[in-house]
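Proteins get letters first, then strands, A, B, ... in listed order; numbering begins at 1 in each. As the structure is a prediction and not an experimental result, all values here were calculated from the model.
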There are 2 protein chains.
Amino acid sequence: MISKDILLEAEAVLKEYKRGEQLFKEGDTPRYYYQVYSGEIKMNNHNDDGKEYIQGIFDSGKSFGEPPLFADFKYPANAEAITDARIWLLPKDKFLKVLEKNPLIHHKFTSTLALRLYYKAMMVSEISTQEPEHRILRILDYFKKNNQNTTTASSLYKIELTRQQLADLTGLRVETVIRAVKKLEQKGELLIKDRKIYR
Amino acid sequence: MISKDILLEAEAVLKEYKRGEQLFKEGDTPRYYYQVYSGEIKMNNHNDDGKEYIQGIFDSGKSFGEPPLFADFKYPANAEAITDARIWLLPKDKFLKVLEKNPLIHHKFTSTLALRLYYKAMMVSEISTQEPEHRILRILDYFKKNNQNTTTASSLYKIELTRQQLADLTGLRVETVIRAVKKLEQKGELLIKDRKIYR
DNA sequence: TTCAGTTTATGACCTTGATCATAAAGAAAA
DNA sequence: TTTTCTTTATGATCAAGGTCATAAACTGAA
């Protein structure tokens, strides 16, 4: 995340996207650094018959799509607005200059990449070896740990994801997620209130 | 990858490991930067009933296990010697100092992380949405692209992986890989000579 | 307050890749 | 040059999760 003043100084612009609009697609050449000002963005892939895999969901303050700026490759996934959103766009060369001038910011990005790698290593291992309930608990715990408002000291965390999103994040089908979530509720591993999942 | 003279200057030591020996395991606190001098190392996870997932295989010149040094988390996977190996070990703090003093090296690592993220994004999407033959071709092409000796201009690349390793990299079973590989040979997508796969 | 769209829910059936068993070919070690 | 271990191979069976169909609950816009 780059602070507003540095973004402005580097001449970043705030662009609006409508719900469902695509920011870039798999295979595109990366030209900008993207940082969410408001709204939610997802990065995803589709296989030939349309099945979706969600690589990540990014909200206020989060950046996305930087990796190819560091290593010079095409986008491996699409970016799409989940809700109406406003996004900071900073051209690639200006972004790299900001990093050069600010070693601390550079270090922050390296650390962000490391954390994303952790998430992906976890997910790919879960998806390739674990069964539905295990996968779901894992991702719920991950979201809880990383999005838990530290002020909200409640031990119960509300999952702000639909069953479909949960499915597309874990490589499962909606029906499977629905059934697994119910099973997990019976086992006391989570709570369902007003159709929302709490963990 | 850090050059030999910088490694020596930072007082890195060369440690020997026997085939099958473990360098560190999931959950351990990271203390060193690791770089392969000779031999091969794999990073992997096991689920409760022993099924393995291989996160990556690293040979001469490659480093591994750095992400947790940048963002301060425990190892998400084990590291194990596939063959007898000699590995450079550099204590975490000395490694970070090397990066501070050498922005170019720091940038190189950021770029390495970005590339690994690309690999993982590709694999997790493949594993969660694509069928066996597709997954296998994808990883074969990835290895071909990234390990192809540029001098060996031959368009045929020899895969130096067993069917079992291919299975553990793609979340499949050996039998499935064997059958899929044969199917792919029939379709002319690859070649089998002396049990080795060429693509 | 009706209507369209989204999300959750549930049952029946099916398909793919896992599992299990067994064996042969190669490679490595004794 | 046997013996042991690893790797590849192949058939039979099974089960988990996908697929399909249908519907109810909820949301939000007209």
Participant: Using the closest heavy atom to pick a nucleotide of DNA chain D for each, name whichever of A:Asp194 or A:Arg135 lands nearer the 5' end.
Facilitator: A:Arg135

Participant: Ring-plane angle category for A:Tyr37 and A:Trp88, please: parallel below 30°, perpendicular beyond 60°, tilted otherwise.
Facilitator: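 Perpendicular: the ring planes of A:Tyr37 and A:Trp88 meet at over 60°.
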
Participant: Count the heavy atoms of every other residue, nucleotide or ligand shown that sit under 6.0 Å from CD of B:Glu131, and state whether that count exceeds 12.
Facilitator: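 Check fails, neighbour count at 12 or below.
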
Participant: Rounded to the nearest Å, what distance is computed from the NZ atom of residue A:Lys196 to the P atom of nucleotide D:dC26?
Facilitator: 13 Å

Participant: In whole angstrom, what separates B:Gln165's CD from D:dT6's P?
Facilitator: 13 Å

Participant: Taking the six-membered ring for Trp and the single ring otherwise, decide whether the centroids of A:Tyr142 and A:Tyr119 are under 6.0 Å apart.
Facilitator: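 Ring-ring flag for A:Tyr142/A:Tyr119: true, centres closer than 6.0 Å.
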
Participant: Between B:Lys144 and B:Asp141, is there a salt bridge with N-O shorter than 4.0 Å?
Facilitator: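 Here B:Asp141 does not pair with B:Lys144 in a salt bridge, since their nearest N and O are not under 4.0 Å apart.
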
Participant: Rounded to whole Å, how long is the line connecting atom CG of A:Asp49 with atom P of C:dT15?
Facilitator: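 In whole Å, C:dT15 P lies 15 Å from A:Asp49 CG.
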
Participant: Could one point to a donor on the side chain of A:Arg195 or the base of C:dT7 with an acceptor on the other under 3.5 Å away?
Facilitator: yes

Participant: Using whole Å, what does the distance between atom P of nucleotide C:dT7 and atom CD1 of A:Ile159 come to?
Facilitator: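 Rounding to the nearest Å, CD1 of A:Ile159 and P of C:dT7 are 17 Å apart.
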
Participant: Please report, rounded to the nearest Å, how far the P atom of D:dG18 is from the CG atom of A:Asn47.
Facilitator: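 Atom CG in A:Asn47 sits about 13 Å away from atom P in D:dG18.
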
Participant: In whole Å, what is the span from the NE2 atom of B:His134 to the C1' atom of C:dG17?
Facilitator: 17 Å

Participant: Just checking, is any N or O donor in the side chain of A:Gln55 or A:Lys120 under 3.5 Å from an acceptor N or O on the other one?
Facilitator: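 Judged by distance alone, the side chains do pair up.
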
Participant: With the side chain of B:Arg163 defined as its heavy atoms from C-beta on, choose the nearest nucleotide among D:dT8, C:dT8, D:dG17.
Facilitator: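 Output: D:dT8.
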
Participant: Measuring from A:Lys25:NZ to A:His46:NE2, what's the distance to the nearest 0.5 Å?
Facilitator: 12.5 Å

Participant: Heavy-atom contacts under 4.0 Å between residues 167-187 of chain B and DNA chain C, which residues?
Facilitator: B:Gly171, B:Leu172, B:Arg173, B:Glu175, B:Thr176, B:Arg179

Participant: Can you tell me the distance, in whole Å, between the CD atom of A:Gln164 and the C1' atom of D:dT27?
Facilitator: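 It works out to 18 Å between those atoms.
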
Participant: Can you tell me how far the CZ atom of B:Arg138 sits from the CD1 atom of B:Ile127, to the nearest 0.5 Å?
Facilitator: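 Reported to 0.5 Å precision, the distance equals 12.0 Å.
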
Participant: Distance check needed: C:dT8 C1' versus A:Leu166 CG, whole Å only.
Facilitator: 13 Å

